[in-house]
Every structure is written in C-alpha cells, then in structure tokens.
Colleague: 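Below you will find the structure I want to go over with you.
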There are 2 protein chains.
Amino acid sequence: MQYNNTNMGASKTEHFTEKQNTIATIAKAMGHPARIAILDYILKMDTCICGDIVNALPLAQPTISQHLKELKNAGLIKGNIEGNAICYCIDESALQTMQKYFGQITTKLEKKKTTCC
Amino acid sequence: MQYNNTNMGASKTEHFTEKQNTIATIAKAMGHPARIAILDYILKMDTCICGDIVNALPLAQPTISQHLKELKNAGLIKGNIEGNAICYCIDESALQTMQKYFGQITTKLEKKKTTCC
DNA sequence: TTATTATATTGCAATATTACGATAAAGATT
DNA sequence: AATCTTTATCGTAATATTGCAATATAATAA
C-alpha cells in the first residue's frame, strides 16, 4: 500500500479535493446540536445576536464562545464584539455553498434511474 | 447554575430539540472529507457502488468500512452487502432533510433586512 | 479610578474520532 | 473441502472535540 502514514486520529485532508474539504469543514461545524441551536437562535432574532445567547442556551459561557468561534471559522457566521456586547449574524456564503452542493446532488439523483438498493 | 454534569467531551444532546439533533447528526456524518468523497463516488457511478470503492479512495479497507457504517447510521446511504460485494447507494431521505433545513434558513434570511454585521 | 458587565482565552479532564493491522465472517471459485 | 475474494469487526494508538472553572481582556458605568 502506498499510503503509509501513522498520523492516527487526524483526517487525511490532503488526499481529497478542495471542494470535498470545504463541504466537510462546513458540515463538521454544523455537526453539533449546540451549534445548530446557535444558528437557529440567530435566525429567530430580528437582528443579529447581541448578548443574550448565553442565557438562551444550556451551556456555560466559555463553551458557547468556543462554539461561536468554530461557526465563525467555518464561515457560517460573521461579525464581532461591539462595545461589550457580542454581535454575530449569519454569513450566507457558507450556506450558499451547502445549498449548491445539495442542489447538485439532487440533480444527479434525478438522472439516475437505478433500482438497486 | 442548574447544569452541573461532568460528562466532558460528550455532546449534551438531551438539551436540544429533536430536529436540532437530527440536523447535527447528518451534518456530523458529512463532516469528514472521506465521507464526502464516498458520497461523491456513489453519485458519480451509474448504479450503486459494488466493490471498487476501496481502490477509489486513499484509505485502508477497514477505514472505509467504518466510514460507510457512519454514513449508513446517519441515513445518508442505504443498502448492504450482496454476495461478497458491497452494494450501497444514496438514501435520499437524509438529503431531503438537509435541503429542507437549508431552504427554511434561506426563507428566514430573505425576510430579514438587517444590516448589522 | 474603580467597579461592573460581557466576551475571549487558557488549562485541563473526559470522551469521541480517525486510522490501520490483524483477524473474522461469508459468499464464490476451484 | 480448500482457497480466494470481499467486507466487517476488534484492538489499539494518535489526535480531536467537548465542556467548564479560572482567568484575562475590554468596553462601559459609577
């Protein structure tokens, strides 16, 4: 076998396409219920979230701060603190990337007429 | 504080809605480039995958088997082994769940006219 | 200046994930 | 039956994630 690393526990991202890594990164950031709850909460508000997110979720403040950071790194939210209040809102670009991906899947599936499984 | 567990490292899924957990579970399964590559590969084939997936990916056979299991558990693929050949294909239900979720997000975003961030 | 309030960072413990060699299981082939 | 082929499972090492207490940082209020 030509792949002989022992870098266990770590993803071998270098073996996949940039697009595959992009989709996986965004999906991974969405792969935790607390982060979905944060996205839901931002969407529920009329404006971006300004301070009350810690009270709205059953997690400690450092934990939420960490989740927000991951969502931001994945490009799902943007913004920053303003004064001494948080100010985050949805970043549509990552969402559009995902919607486009699912759209392409749907298109491909419609072309396939197999009845295998 | 009323949330006082020490179950560190584990997600506190019980504190979130069923829908949030569902979305997170599917997203988590998609949160690895190898699993996206597997989905891409299945979609690229005319039929479901029958045996050659191990040769198509830069991962050892047990690793791929494990990834396939996770995709199946998340409802992203279905099928089973037939004879001594694998036979997996896309399960559209999980994909539809995700597409619906992203659709709802888009709808909500269109209603919001904030220019905060 | 000294609180106060709000968010971020650090450090660490518990758990989960990733990867693969070795091996098992099961149908196909000889 | 014995062997081959293909996929699954087990065991284990390395790394990543999750969560929070303690603390740091920074803007605001007193």
Side-chain angles (χ1 to χ4, degrees), chain A residues 1-16 21 24-25 27-38 48-74 77 79-88 117, chain B residues 1-16 21 24-25 27-38 48-74 77 79-88 117:
Chain A
M1 231 297 197
Q2 64 269 46
Y3 301 99
N4 231 346
N5 84 359
T6 36
N7 186 22
M8 289 171 166
S11 303
K12 302 169 80 174
T13 55
E14 69 276 12
H15 293 310
F16 303 101
N21 282 314
T25 297
K28 189 176 186 180
M30 294 180 68
H32 192 291
R35 292 194 287 269
I36 297 297
I38 289 173
C48 38
I49 49 173
C50 298
D52 45 0
I53 190 160
V54 172
N55 300 318
L57 291 180
L59 292 169
Q61 180 268 323
T63 308
I64 290 177
S65 186
Q66 192 174 291
H67 283 310
L68 286 166
K69 193 177 173 184
E70 283 176 62
L71 287 171
K72 194 179 177 187
N73 286 342
I77 61 176
N80 226 317
I81 67 164
E82 278 192 8
N84 62 351
I86 203 174
C87 184
Y88 279 129
C117 302
Chain B
M1 230 295 198
Q2 65 269 44
Y3 301 100
N4 230 345
N5 84 357
T6 36
N7 187 24
M8 290 170 167
S11 304
K12 302 170 79 174
T13 56
E14 70 276 13
H15 293 309
F16 302 101
N21 283 312
T25 298
K28 191 176 184 178
M30 295 180 68
H32 193 290
R35 292 194 287 270
I36 298 296
I38 290 173
C48 37
I49 49 172
C50 297
D52 45 359
I53 190 159
V54 173
N55 300 317
L57 291 181
L59 292 169
Q61 180 268 324
T63 307
I64 290 175
S65 187
Q66 193 172 291
H67 283 309
L68 285 165
K69 193 176 173 185
E70 284 177 60
L71 287 170
K72 195 179 177 188
N73 286 343
I77 61 177
N80 228 316
I81 67 165
E82 277 191 10
N84 63 350
I86 202 174
C87 184
Y88 279 129
C117 303

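Chain naming here is simple, since letters A, B, ... match the order of the sequence lines and numbering starts at 1 in each.
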Colleague: If you look at every strand shown and take non-hydrogen atoms under 4.0 Å, does A:Lys72 touch a base, only sugar-phosphate, or nothing?
Modeller: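 Answer is nothing: A:Lys72 stays at 4.0 Å or more from every strand.
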
Colleague: Would you kindly give the NZ-to-P distance between A:Lys28 and D:dT17, to the nearest whole Å?
Modeller: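 So the NZ-P distance, A:Lys28 to D:dT17, works out to 4 Å.
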
Colleague: Taking OP1 and OP2 of D:dT6, is either one under 4.0 Å from a side-chain nitrogen or oxygen of B:Tyr88?
Modeller: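 So the side-chain polar atoms of B:Tyr88 never come under 4.0 Å of the phosphate oxygens OP1 or OP2 of D:dT6.
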
Colleague: Can you work out whether B:Arg35 or A:Ile53 has the more 5'-proximal nearest nucleotide on DNA chain C?
Modeller: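 In this pair, the answer is A:Ile53.
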
Colleague: In whole Å, what is the span from the NZ atom of A:Lys69 to the P atom of D:dG19?
Modeller: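 In whole Å, D:dG19 P lies 16 Å from A:Lys69 NZ.
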
Colleague: What's the CG-C1' distance between A:Leu71 and D:dT17, to the nearest Å?
Modeller: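 One finds 14 Å between C1' of D:dT17 and CG of A:Leu71, rounded.
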
Colleague: Among D:dA8, D:dT18, C:dC20, which nucleotide sits nearest the side chain of A:His32?
Modeller: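 Looking only at heavy atoms from C-beta outward on A:His32, the closest nucleotide is D:dT18.
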
Colleague: For B:Gln66 and D:dG11, give me the distance from atom CD to atom P, rounded to whole Å.
Modeller: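 It is 14 Å, rounded to the nearest whole Å.
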
Colleague: Answer yes or no: is there a side-chain heavy-atom contact under 4.5 Å between B:Gln66 and B:Pro62?
Modeller: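 Heavy-atom side-chain distance check fails, nothing below 4.5 Å.
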
Colleague: Provide, to the nearest angstrom, the distance between the NE2 atom belonging to B:His67 and the C1' atom belonging to C:dT17.
Modeller: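 Whole-Å distance recorded here is 9 Å.
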
Colleague: If I take atom CD in residue B:Gln61 and atom P in nucleotide C:dG21, what distance separates them, rounded to the nearest angstrom?
Modeller: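 Rounded to the whole Å, the gap is 11 Å.
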
Colleague: Measuring from the side chain of A:Pro62 (C-beta onward, heavy atoms only), which nucleotide among D:dT7, D:dA22, C:dC20 has the closest atom?
Modeller: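 Selected nucleotide (nearest to the side chain): D:dA22.
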
Colleague: Without swapping roles, check the side chain of B:Lys72 against the backbone of B:Gly79 for a donor-acceptor pair under 3.5 Å.
Modeller: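 At least one qualifying donor-acceptor pair exists.
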
Colleague: What integer distance in Å separates B:Asn73:CG from C:dA16:P?
Modeller: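 My rounded result for the distance is 15 Å.
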
Colleague: For the residue pair A:His32 and A:His67, categorise the inter-ring angle as parallel (less than 30°), tilted (30 to 60°) or perpendicular (more than 60°).
Modeller: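 It falls in the tilted class, 30° to 60°.
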
Colleague: Just to confirm, is there a sub-4.0 Å distance from OP1 or OP2 of C:dA19 to any side-chain nitrogen or oxygen of B:Thr63?
Modeller: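 Result: no.
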
Colleague: Without decimals, in angstroms, what is the distance between B:Ile64 CD1 and C:dG21 P?
Modeller: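 So the two atoms are 12 Å apart, to the nearest Å.
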
Colleague: With a 4.5 Å cut-off on side-chain heavy atoms, are B:Ile36 and A:Phe16 touching?
Modeller: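 No, every pair of side-chain atoms sits at 4.5 Å or beyond.
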
Colleague: Testing B:Val54, B:Leu68, B:Ile64 one by one against B:Ile86 for a side chain to side chain contact (heavy atoms under 4.5 Å, CB included), which residue passes?
Modeller: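 One option only clears the test, and that one is B:Leu68.
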
Colleague: Nearest to the B:Ile86 side chain among D:dT7, C:dG21, D:dG19, which nucleotide is it?
Modeller: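 Nucleotide nearest to B:Ile86's side chain: D:dT7.
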
